[in-house]
Structures are given as structure tokens and as C-alpha cells.
Number of protein chains: 2
Amino acid sequence: MSFKKVRDAHKTENTEDYLEIIADLLNSKGEARIVDIANHLGIAQATANKTIRRLQYQGYIKKEPYRSIFLTLKGQELASISKKKHIIVLTFLKKLGLDSKTAEADAEGIEHHVSDKTLKKMEKFNKKN
Amino acid sequence: MSFKKVRDAHKTENTEDYLEIIADLLNSKGEARIVDIANHLGIAQATANKTIRRLQYQGYIKKEPYRSIFLTLKGQELASISKKKHIIVLTFLKKLGLDSKTAEADAEGIEHHVSDKTLKKMEKFNKKN
DNA sequence: TAAAAAGTATAGCTATGGCTACATTATAAT
DNA sequence: ATTATAATGTAGCCATAGCTATACTTTTTA
């Protein structure tokens with residue numbers, strides 16, 4: 001029953017991670033390059049390249065060959081939602097008493113599987129603590 | 001950095017779901033059949049069949065053609081760990097104030113991405129509330 | 001017991017995300 | 001300006017998890 005939802009989450013999970021990273025890179029460096037994404041994720045550049053191609057034809061990003069990456073409106077929106085979720089979950093885990101490193105690591109995995117209802121409860125908890 | 005861990009979790013995630021379901025079926029019905037697993041997961045029987053074949057050559061289960069499924073020791077151990085995690089996360093989400101349905105759905109996705117440290121914190125929270 | 005139904009298995013397809021090896025283009029350095 | 005290096009791109013491989021269609025057993029039922 002719930003498993004379908006989990007599978008659906010998995011489909012967008014990688015996409016969300018990429019968009020979050022791209023948004024962060026655009027903010028910090030002013031540009032997002034494949035090599036940086038690959039380094040952030042700890043994967044081969046060729047793998048990042050392939051996924052970037054997918055993100056492009058799925059309409060999340062725009063890029064010219066050998067040039068850096070930009071987010072489309074669709075991409076920006078998803079990046080923004082992902083970022084918000086990430087912060088809520090991360091803060092929540094820290095307030096629960098976890099060290100930054102563990103909180104960061106777990107948030108990465110958890111953020112894609114948290115419903116809006118649960119996010120609300122986490123926010124509530126964050127405010128109270 | 002943390003992304004590698006998430007990817008590793010994904011590799012075992014499906015395996016853990018299958019083993020948990022098989023263990024549950026063995027407990028409730030006395031036997032685990034492919035058709036039941038497929039129904040539980042909401043996937044085609046052929047897909048379940050294929051994964052069951054993988055679980056077999058990976059040493060988690062034993063089965064004869066057209067017969068029901070049994071867990072090996074290795075399979076039992078992983079099923080047991082998964083079950084424990086599931087209960088902790090599920091209880092935690094309920095104590096956080098979520099309804100059973102949401103808690104169940106989210107636990108399904110979250111349980112595979114929770115470190116031991118976080119589980120400990122959740123248990124602590126569960127006892128206090 | 002023979003036929004129908006249910007369950008299981010297999011083949012072959014798609015998409016994803018890993019990888020390495022190699023080709024190409026851009027950028028930096030000499 | 002040419003060359004070396006870095007970045008990007010492409011090809012081709014593997015494994016996973018979905019699917020449908022079809023074949024084969026097993027079980028049920030008439």
C-alpha cells in the first residue's frame with residue numbers, strides 16, 4: 001500500500017538531490033558545473049553527465065554543451081521545496097539531540113520520504129525545542 | 001559525502017522490504033507465496049518473481065520452483081533487524097502526533113535511512129512520551 | 001478425473017543510475 | 001600561439017526494478 005509512495009519518492013529523489021546541489025552551487029559559486037556536482041555526490045563525472053541530460057529533457061535545467069547549468073522555473077521550484085524540506089528535517093534531527101554530522105547524513109536520506117503532515121509535526125517540534 | 005550512504009541504503013532497501021513481508025507472511029499465514037508478496041507491494045507477480053530469484057542467489061531465502069518461500073538464517077537476521085527498525089520509527093512518528101496511516105506510510109520510507117544513533121534517539125523519545 | 005482457475009516462471013522490453021575507457025572541447029600555462 | 005590540462009561528452013558495459021505477454025505447473029472444482 002504505502003510501498004507505491006516510497007517507490008514514487010525514489011523516482012524523484014535523485015532529481016531533487018541534483019537540483020538542490022545545483023541551486024547551492026549557483027548561490028555560492030555563481031555557476032554549477034558537472035564536475036562539482038559529481039564531486040558533491042561522490043560519483044563519476046560521466047554519471048553526472050548522463051543524469052544532467054535526463055534533467056534537461058525532463059525540463060528541470062537548461063544548458064549548452066560544455067557550458068554550465070541553469071535551473072528552469074520548474075527546476076527552481078523543485079529545488080526550493082527540497083531545500084525547505086531538507087532544512088526542516090535537518091533541524092529536527094539536531095533538536096532531537098543528534099550531532100551535525102549524523103543529522104546531515106540522515107536528513108539526506110529521510111527528507112525524500114517525509115509527508116507534508118510529518119513535516120508539519122517536525123516544524124512544530126522545532127519551534128517548541 | 002552522505003550521498004553514498006543513501007545510495008547504499010537504497011541497495012538493501014528493497015531486500016529489507018521483501019524480507020519483512022516474507023517474515024510477516026510466515027508468521028500470519030504459515031507460508032509466503034509470491035502472489036501475496038506482489039499484492040503487498042502492489043507490483044506485478046513477474047516482478048516479485050524476479051526479485052525473489054535475486055534474494056535466493058544472494059542467500060536470503062530458499063525455495064523450490066512453484067513452492068513457497070523460506071528465510072535462511074541470513075534472511076531471518078535481516079528481517080528481524082528491519083522489523084525492529086520499522087517498529088521504532090513507526091512508534092516514533094505516532095508519538096510525534098501523526099495518525100496511524102501517515103505514520104505507517106512515512107515509516108516505510110524512513111526506516112531504511114535512519115542511522116543507529118538516530119534510532120537510539122527515537123527510542124529515547126518513545127519512552128519519554 | 002478432466003477441465004478451469006490460480007499461481008509461478010520465463011522472455012523481452014523500458015528506465016534508471018552506477019562504472020570505465022576514450023573522444024572532444026575549453027581553458028590555462030608556457 | 002601552441003601545448004598541456006581540465007572539463008565535458010559519448011559509448012558501452014552491469015545491475016536493479018518495473019512492465020506485459022506467454023508458457024508451464026499446481027490446485028481447485030465441477
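In what follows, chains carry the letters A, B, and so on, assigned in the order in which the sequence lines appear, proteins first and then strands, with residues in each chain numbered from 1.
Whole-Å rounding puts the A:R53 CZ to C:dG18 C1' distance at 14 Å. Between A:N49 atom CG and C:dT24 atom P the separation is 15 Å, expressed in whole Å. Following rounding to the nearest Å, B:K4 (NZ) and C:dG17 (P) show an atom-to-atom distance of 18 Å. Atom CG of A:D8 is separated from atom P of D:dA17 by 16 Å (rounded to the nearest Å). In this entry the distance linking NZ of B:K63 with C1' of C:dT8 reads 7 Å, nearest Å. Computed from coordinates, the A:H40 NE2 to D:dA7 P distance equals 15 Å when rounded to whole Å. Here the P atom of nucleotide C:dT8 and the CD atom of B:E31 are 8 Å apart, to the nearest Å. Between the CD atom of A:E64 and the C1' atom of D:dA7 there is a distance of 16 Å, rounded to whole Å.
No donor-acceptor contact under 3.5 angstrom links the side chains of A:E111 and B:H113, judged on distance only. In this model, a donor atom of one side chain and an acceptor atom of the other lie less than 3.5 Å apart for B:H112 and B:D17. With 3.5 Å as the limit, one finds a donor-acceptor pair spanning the side chains of A:D106 and B:T118.
Checked options A:I61, A:I81, A:L71; the residue passing with A:Q76 is A:L71 (criterion: side chain to side chain contact (heavy atoms under 4.5 Å, CB included)).
From A:R7, atom CZ reaches atom CG of B:N14 across 8.5 Å, with rounding to the nearest 0.5 Å.
Checked against D:dT16, D:dT10, C:dG17, the side chain of A:R54 finds its nearest nucleotide in C:dG17. Residue A:I43 has its side chain nearest to C:dC19 when only C:dT8, C:dC19, D:dG18 are considered. With distances taken from any side-chain atom of B:K50 to the nucleotides D:dG9, C:dG12, D:dA7, the minimum falls on C:dG12.
Near DNA chain C, defined here as any heavy-atom distance below 4.0 Å, the residues from residues 10-18 of chain A are A:N14, listed numerically.
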Return a single string for nucleotides 20-27 of chain D, one symbol per nucleotide in 5' to 3' order, where B is base contact, S is sugar-phosphate-only contact and - is none, cutoff 4.0 angstrom on heavy atoms.
BB--BSSS

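By the criterion of side-chain heavy atoms lying less than 4.5 angstrom apart, applied directly or through intervening Ile, Leu, Val, Met, Phe, Trp or Tyr residues, B:I88 is grouped together with A:V114 in one hydrophobic cluster. In the hydrophobic cluster analysis, where Ile, Leu, Val, Met, Phe, Trp and Tyr join through side-chain heavy atoms closer than 4.5 angstrom, B:L90 is grouped apart from A:F125. Using a 4.5 Å cut-off between side-chain heavy atoms of Ile, Leu, Val, Met, Phe, Trp and Tyr, with links allowed through other members, B:L78 and A:F3 fall into the same hydrophobic cluster.
An OP1 or OP2 oxygen of C:dT16 is reached within less than 4.0 angstrom by a side-chain nitrogen or oxygen of A:Q58.
A residue-by-residue look at A:A32 and A:R7 shows that A:A32 has its nearest nucleotide of DNA chain D further toward the 5' end.
A donor-acceptor pair under 3.5 Å is formed between the side chain of B:N39 and the backbone N or O of B:V35.
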